[in-house]
Trainee: 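Can you keep this structure in mind? I'll have questions shortly.
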2 protein chains.
Amino acid sequence: MYSKDLIKGTLQPIILKLLEENNKMYGYEITQRVKELTNGKIEITEGALYPMLHKLEADKILSTEKVYIGKRVRKYYHLTQNGKQVVSEKINELSDFLSTMQLIIKPKTNMI
Amino acid sequence: MYSKDLIKGTLQPIILKLLEENNKMYGYEITQRVKELTNGKIEITEGALYPMLHKLEADKILSTEKVYIGKRVRKYYHLTQNGKQVVSEKINELSDFLSTMQLIIKPKTNMI
DNA sequence: AAATATACATAAATATATTAGGTATTAAAA
DNA sequence: TTTTAATACCTAATATATTTATGTATATTT
């Protein structure tokens, strides 16, 4: 796990990126997918995830659909029309940002 | 300029990285260097910078030296013995984190 | 002479995420 | 078969980093 601070601000773009690729996902699934993709290095806490999902829904970037698996509810989130337009910009920004950060810490020798 | 949120948590490693490379720097110099290195994409605010420098000094990671340029004071910061040991770990962590983030947003085609 | 750049600093407000708690169902292990 | 772990949602109090706004003062450029 990384220092808490590093991860700050990345939660939203991570969520949006996953939803861009997977069409629809539910909260718990997102936490598991991120853990999987990052080999456990990033673990999204639910206290951060759910409020962010609710915020994105309130902002009309995501919409939801409830599905019952037996008696247990799943709340699927997917990008709205509106949301799709916003997302690629946000991902580009993140991508650009990561490059810029690489620029600053320019790893000395290891270019693949 | 990037969304404020993205930059969160990167201030400390940026400062430490610059001080690792440049031996000693003063606050204003750091803001300018970062602006320069990132082509204006990251502008460190003084309200964030100075408290962080003070914190790093309180934590014995940095120490200071005042220099007068005419009547104007400059406060140079440099890594302490202790600080040098901490820094490379922090930079490695940031570097690792950036790679992990790249993993998530994996830019489709453009590998240089 | 006025405006901009250099150089430090702090304080209130904002926003995010952590920590800690809660409910409930289903599957696996003891 | 009872207990534990996993699945699945949620919120509230706390902590903390950063922004925004403000302040002081000197040096340089227009």
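Quantities reported herein were computed from a predicted structural model and do not represent experimental measurements.
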Trainee: Rounded to the nearest angstrom, tell me the gap between atom CD in Glu29(A) and atom C1' in dA8(D).
Mentor: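 Interatomic distance, CD of Glu29(A) to C1' of dA8(D): 12 Å.
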Trainee: Can you find a side chain N or O atom of Tyr50(B) that sits less than 4.0 Å from OP1 or OP2 on dC8(C)?
Mentor: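 So the side-chain polar atoms of Tyr50(B) do come within 4.0 Å of the phosphate oxygens OP1 or OP2 of dC8(C), strictly under.
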Trainee: Are any non-hydrogen side-chain atoms of Tyr28(A) and Arg33(A) less than 4.5 angstrom apart?
Mentor: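 The answer is no; the side chains never approach within 4.5 Å.
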Trainee: OP1 or OP2 of dA8(D) less than 4.0 angstrom from a side-chain nitrogen or oxygen of Tyr26(A), does that happen here?
Mentor: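 Yes.
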Trainee: Does any part of the side chain of Glu93(B), heavy atoms only, come nearer than 4.5 Å to the side chain of Leu6(A), both counted from C-beta?
Mentor: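 Of all side-chain heavy-atom pairs linking Glu93(B) with Leu6(A), at least one is under 4.5 Å.
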Trainee: Would you indicate whether the side-chain heavy atoms of Leu18(A) and Met25(A) approach each other to under 4.5 Å?
Mentor: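 Heavy-atom side-chain distance check passes, below 4.5 Å.
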Trainee: Taking NZ from Lys35(A) and P from dA8(D), how many angstroms apart are they, rounded to a whole number?
Mentor: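 Checked: the NZ to P distance equals 13 Å.
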Trainee: Taking OP1 and OP2 of dT11(D), is either one under 4.0 Å from a side-chain nitrogen or oxygen of His54(A)?
Mentor: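 Checking His54(A) against dT11(D): at least one side-chain N or O falls below 4.0 Å of OP1 or OP2.
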Trainee: Rounded to whole angstroms, how far apart are NZ on Lys66(A) and P on dT25(C)?
Mentor: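 Those two atoms, NZ and P, are 15 Å apart.
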Trainee: Roughly, in whole Å, what's the span from CZ in Arg74(A) to C1' in dA24(C)?
Mentor: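 It works out to 15 Å between those atoms.
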Trainee: Can you tell me how far the CE atom of Met101(A) sits from the CG atom of Leu98(A), to the nearest 0.5 Å?
Mentor: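 Met101(A) CE to Leu98(A) CG: 8.5 Å, rounded to 0.5 Å.
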Trainee: Rounded to the nearest 0.5 Å, how far apart are CD of Gln85(B) and OG1 of Thr80(B)?
Mentor: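 The OG1 atom of Thr80(B) is 8.5 Å from CD of Gln85(B), to the nearest 0.5 Å.
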Trainee: Let me have a per-nucleotide readout for nucleotides 15-30 of chain D, 5' to 3', with B, S or -, counting only protein heavy atoms under 4.0 Å.
Mentor: --SSBB-----BS---
Trainee: Roughly, in whole Å, what's the span from OH in Tyr28(A) to C1' in dC10(D)?
Mentor: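 Rounding to the nearest Å, OH of Tyr28(A) and C1' of dC10(D) are 15 Å apart.
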Trainee: Note down the inter-axis angle between the two ends of the helix from dA1(C)-dT30(D) to dA30(C)-dT1(D), five pairs each, to the nearest 10°.
Mentor: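 Both end axes considered, the difference amounts to 20°.
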Trainee: Checking the side chain of Glu29(A) only, and the main-chain atoms of Tyr26(A) only, is there a donor and an acceptor separated by less than 3.5 Å?
Mentor: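 Between the backbone of Tyr26(A) and the side chain of Glu29(A) there is a qualifying donor-acceptor contact (under 3.5 Å).
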Trainee: Just how far, in rounded Å, is C1' of dA17(C) from OH of Tyr2(A)?
Mentor: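 Computing the Tyr2(A):OH to dA17(C):C1' distance gives 18 Å.
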Trainee: Output the single nucleotide from dA8(D), dA7(C), dT7(D) whose closest atom is nearest the side chain of Gln32(A).
Mentor: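 Comparing dA8(D), dA7(C), dT7(D) against the side chain of Gln32(A), the answer is dT7(D).
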Trainee: Within the 3.5 Å criterion, strictly below it, is a donor on Thr64(B) or Glu57(B) matched to an acceptor on the partner's side chain?
Mentor: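 Yes, side-chain donor-acceptor contact under 3.5 Å.
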Trainee: Enter the distance from Asp96(A):CG to Tyr2(B):OH here, rounded to the nearest 0.5 Å.
Mentor: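 Those atoms lie 3.5 Å apart.
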Trainee: Any side-chain to backbone donor/acceptor pair from Asn92(B) onto Ser88(B)? Under 3.5 Å, distance only.
Mentor: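 Flag set: sc Asn92(B) to bb Ser88(B) pair under 3.5 Å.
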